[in-house]
Each structure stands twice: as structure tokens, then as C-alpha cells.
Amino acid sequence: MQGVEEVARPASISVFLNASHNDREQEIEVVETFHRRRVDGVLVAASQIGVAHAERLRRIAVPVVLINNQTAAEPDPFHAVAVDDYTGACLAVEHLLALGHRRIAYAGVTNRSRSNGRRLAGYRAALTAAGAPPPDERVLLPTDAEMAAGDVAVGRLHAARLRGLEVTAVCCHNDMLAIGMQLASNVPDELSVVGFDDTEPGRYVTPPLTTIRQPKRELGRRAMAMLLDLLDGREVEDQVLPPALVVRGSTRPLREEGA
């Protein structure tokens, strides 16, 4: 939102904010509210655009820009800005490999199809390139019912599932999963943990969380700039922004046996 407003304010654009809390039905209600207000354009963040949702957005007949869209298929004709999930996961795995870890797991989610798929693909590719392709049991995905308990609870659940798999490190889909893993594990002495997003809580857990930083403010700036271009009739291209590795205390070099 800071990034959006930094670009909108100088352009004399008023920003209306509505939160859907990852509820598709509520998202549709928000879209209908915007339609009634006759807004000039819509930014949609971290949405899972369904068929009905996409149809309502088209009916508004204003430019739409998606931020970190979570729909598996491209919801044409909308434009989008996103973080490079695949590269971010590669950075996480390469960091752990550089610390000597080879038995690395992936802790994912089932309610964010696009980002989870791309981060899982990056995880697999980085390990395969290093000659350490992961067996299927090291890829942990909760059921939809388990996801309802929240990401921290799922992280604790994943930590329990890791026991007995001889895993020394884990890449998590997001920071809250990683924090759940930390709360249920001896980190980093027995398990190195990497999150994804660089959210505020990860900086204050003990130990502070190693993570992949999303350029969230820049995502907002780019999305708003793209929307302004569309309103002015200019052509735009979708954009994918690079993430960055932030090393903190939740990862450490692998200890040799008996050391």
C-alpha cells in the first residue's frame, strides 16, 4: 500500500482499500462495491482469480492490474506484476547447499497454487542441479482442512512430519510456516530453516529468520505506475521483480557427524 500511494498521490489519484482476507466470495463483493463506486481502475493483490471473479472484473470495464496473482492460469486480459518465486526458491536452496546441507525438505501450502508451484519447482531444480534431487517424502504439503488452522500451525505440523526423515534443512513457502517450524524444532542446531517474504515477525523470532525478501513496496509502485499507463492509453508489459536472500540466525553450516 505504501508503494501504491507513493505513485498515486502525485498523480492526484485517490486509493480505496478493501480487504478480502483470502475469501473468494468476499473478493467478489469487493469487486461489486468498486463497480458501484465507478472506480477508474482496480489493483488486486495476492488473489486467486476464479472464473466468476474474472467475469465480474471484466464487467467493470476498467483497467485491472494483479499483484502476485495466485491463479494457475493466466487470467487474460488482466496485467500483472509479481515476484520471481522460482528464483527465490533457488536462492534459498543454494544458500543451504553452500552451508553443506544436502538433505533439504520443502514445506509448502495448498491455498496459493501459483507461488507454491513455482517455489517448489525452484527448490527441485536447485537440488537437481547440485546432484541431490529430493525424494518425494521431503516435499510436505498440507491438506486443505489442515490449512484452515493457519500457517504457523501448519508449520508445526510439517516439523513433526520431518522427524525421522534425516532432514537437516527446510525451505518454507512463507515466513509464517517457517516460524511454526522454529517453534516446534531446535533451530538452527538441529534444523536450518529458510522462510520466504521477509515479513516483520521473522525479524523478531529467536533466532531471527533467514528468508527470501520480496520487494513489496516496489511491487506496489510498479502496479500503480502500470495502472496509470493503462488509464492514459499506453501499452504495458507484465513485470516480474527479483527477490533477495536475507541471511539471519535460523541457518547455520551443517555439522559433521560426531563433531
Side-chain angles (χ1 to χ4, degrees), residues 1-3 45-46 68 82-109 111-112 115-116 118-120 122-123 126-127 130 134 138-140 142 147 149-163 165-220 241-256 259:
M1 281 305 303
Q2 285 179 331
N68 276 344
V83 71
D84 190 339
D85 292 302
Y86 180 94
T87 296
C90 289
L91 290 173
V93 172
E94 289 165 359
H95 167 64
L96 293 170
L97 289 168
L99 294 176
H101 297 279
R102 304 280 288 181
R103 299 189 298 273
I104 303 170
Y106 175 81
V109 297
N111 63 347
R112 302 172 184 88
S115 61
N116 189 78
R118 291 181 174 178
R119 293 174 194 183
L120 177 55
Y123 156 83
L127 281 176
R138 290 186 191 157
V139 175
L140 309 176
M147 282 304 308
D151 288 357
V152 172
V154 171
R156 288 177 178 268
L157 180 64
H158 282 329
R161 287 172 174 166
L162 282 182
R163 296 188 181 102
L165 294 182
E166 297 184 340
V167 165
T168 64
V170 58
C171 296
C172 297
H173 174 272
N174 61 42
D175 285 352
M176 300 312 289
L177 276 180
I179 289 171
M181 299 281 288
Q182 283 192 236
L183 294 174
S185 309
N186 185 3
V187 174
D189 291 340
E190 295 179 359
L191 185 71
S192 285
V193 176
V194 182
F196 202 117
D197 292 335
D198 191 26
T199 54
E200 196 79 10
R203 304 172 198 178
Y204 302 113
V205 292
T206 303
L209 182 65
T210 295
T211 189
I212 302 299
R213 175 175 292 157
Q214 289 204 55
K216 295 184 285 291
R217 199 163 180 170
E218 186 62 21
L219 284 168
L241 306 186
L245 174 69
V246 179
V247 179
R248 298 192 182 106
S250 67
T251 54
R252 61 168 297 164
L254 179 66
R255 286 179 173 172
E256 299 294 335

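Just so you know, these numbers use all the heavy atoms, side chains as well, and skip hydrogens, waters and symmetry mates.
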Determine, step by step, whether Tyr106 and Asn116 satisfy the side-chain contact (heavy atoms from CB on, under 4.5 Å) criterion, reporting the C-alpha distance in whole Å, the side-chain angles of both residues, the deciding distance to 0.1 Å, and the verdict. CA-CA 10 Å; Tyr106 175 81; Asn116 189 78; 2.9 Å; yes
Apply side-chain contact (heavy atoms from CB on, under 4.5 Å) to the pair Leu96 and Cys171, showing each step before the final yes or no. CA-CA 9 Å; Leu96 293 170; Cys171 296; 3.7 Å; yes
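Contact record, Tyr123 with Pro134: OH-CB, 3.2 Å, taken as the closest heavy-atom pair. Nearest heavy-atom pair across Pro253 and His101 is C-NE2, 4.3 Å. Contact detail for Val167 and Leu162: the closest heavy-atom pair is CG2-CD2, 4.1 Å. For the pair Pro142 and Gly108, the tightest heavy-atom approach, listed with the atom from each and the gap, is CD-O, 3.2 Å. Across Ala178 and Gly195, no two heavy atoms sit closer than the pair CB-CA, 3.8 Å. Here the closest heavy-atom approach between residue Gly180 and residue Arg156 is recorded as O-CG, 3.5 Å.
In this structure the side chain of Val109 never reaches within 4.5 angstrom of the side chain of Val154, judged on heavy atoms.
The CZ atom of Arg255 lies 13.0 Å from the CG atom of Leu99; values are rounded to the nearest 0.5 Å. Atom CG of residue Leu140 and atom CG of residue Leu177 lie 10.0 Å apart, to the nearest 0.5 angstrom. Taking CD1 of Ile104 as the reference point, atom CG of Leu127 lies at 5.0 Å (rounded to 0.5 Å). Here Asn174 contributes atom CG and Gln214 contributes atom CD; the two are 10.0 Å apart, rounded to the nearest 0.5 Å. Put simply, CG on Leu120 and OH on Tyr86 are 11.0 Å apart, with the number rounded to the nearest 0.5 Å. Atom CG of Leu254 sits about 8.0 Å away from atom OG of Ser192, to the nearest 0.5 Å.
Other residues, nucleotides and ligands contribute more than 12 heavy atoms inside 6.0 Å of the CD atom of Glu200.
Residue Asp175 is tested with Val152, Asp151, Asp197 for a side-chain contact (heavy atoms from CB on, under 4.5 Å); the sole match is Asp197. With respect to Asp85, the salt bridge (Lys or Arg N to Asp or Glu O under 4.0 Å) criterion is satisfied by exactly one of Arg112, Arg118, Arg119: Arg119.
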Counting only pairs under 3.5 Å, give me each side-chain donor-acceptor contact of residues 245-252, with atom names and distances, residues two or more places apart or in other chains.
from: Arg248; atom 1: NH1; to: Asp198; atom 2: OD1; distance (Å): 3.4
from: Arg248; atom 1: NH1; to: Leu209; atom 2: O; distance (Å): 2.8
from: Arg248; atom 1: NH2; to: Asp198; atom 2: OD1; distance (Å): 3.0
from: Ser250; atom 1: OG; to: Val193; atom 2: O; distance (Å): 2.6
from: Ser250; atom 1: OG; to: Thr210; atom 2: N; distance (Å): 2.8
from: Thr251; atom 1: OG1; to: His95; atom 2: NE2; distance (Å): 2.9
from: Thr251; atom 1: OG1; to: Thr210; atom 2: OG1; distance (Å): 3.0
from: Arg252; atom 1: NH1; to: Asp189; atom 2: OD1; distance (Å): 3.1

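Between the side chain of Thr168 and the backbone N or O of Leu191, no donor-acceptor pair lies under 3.5 Å. Under a 3.5 Å cut-off, the side chain of Gln182 and the backbone N or O of Pro207 do form a donor-acceptor pair.
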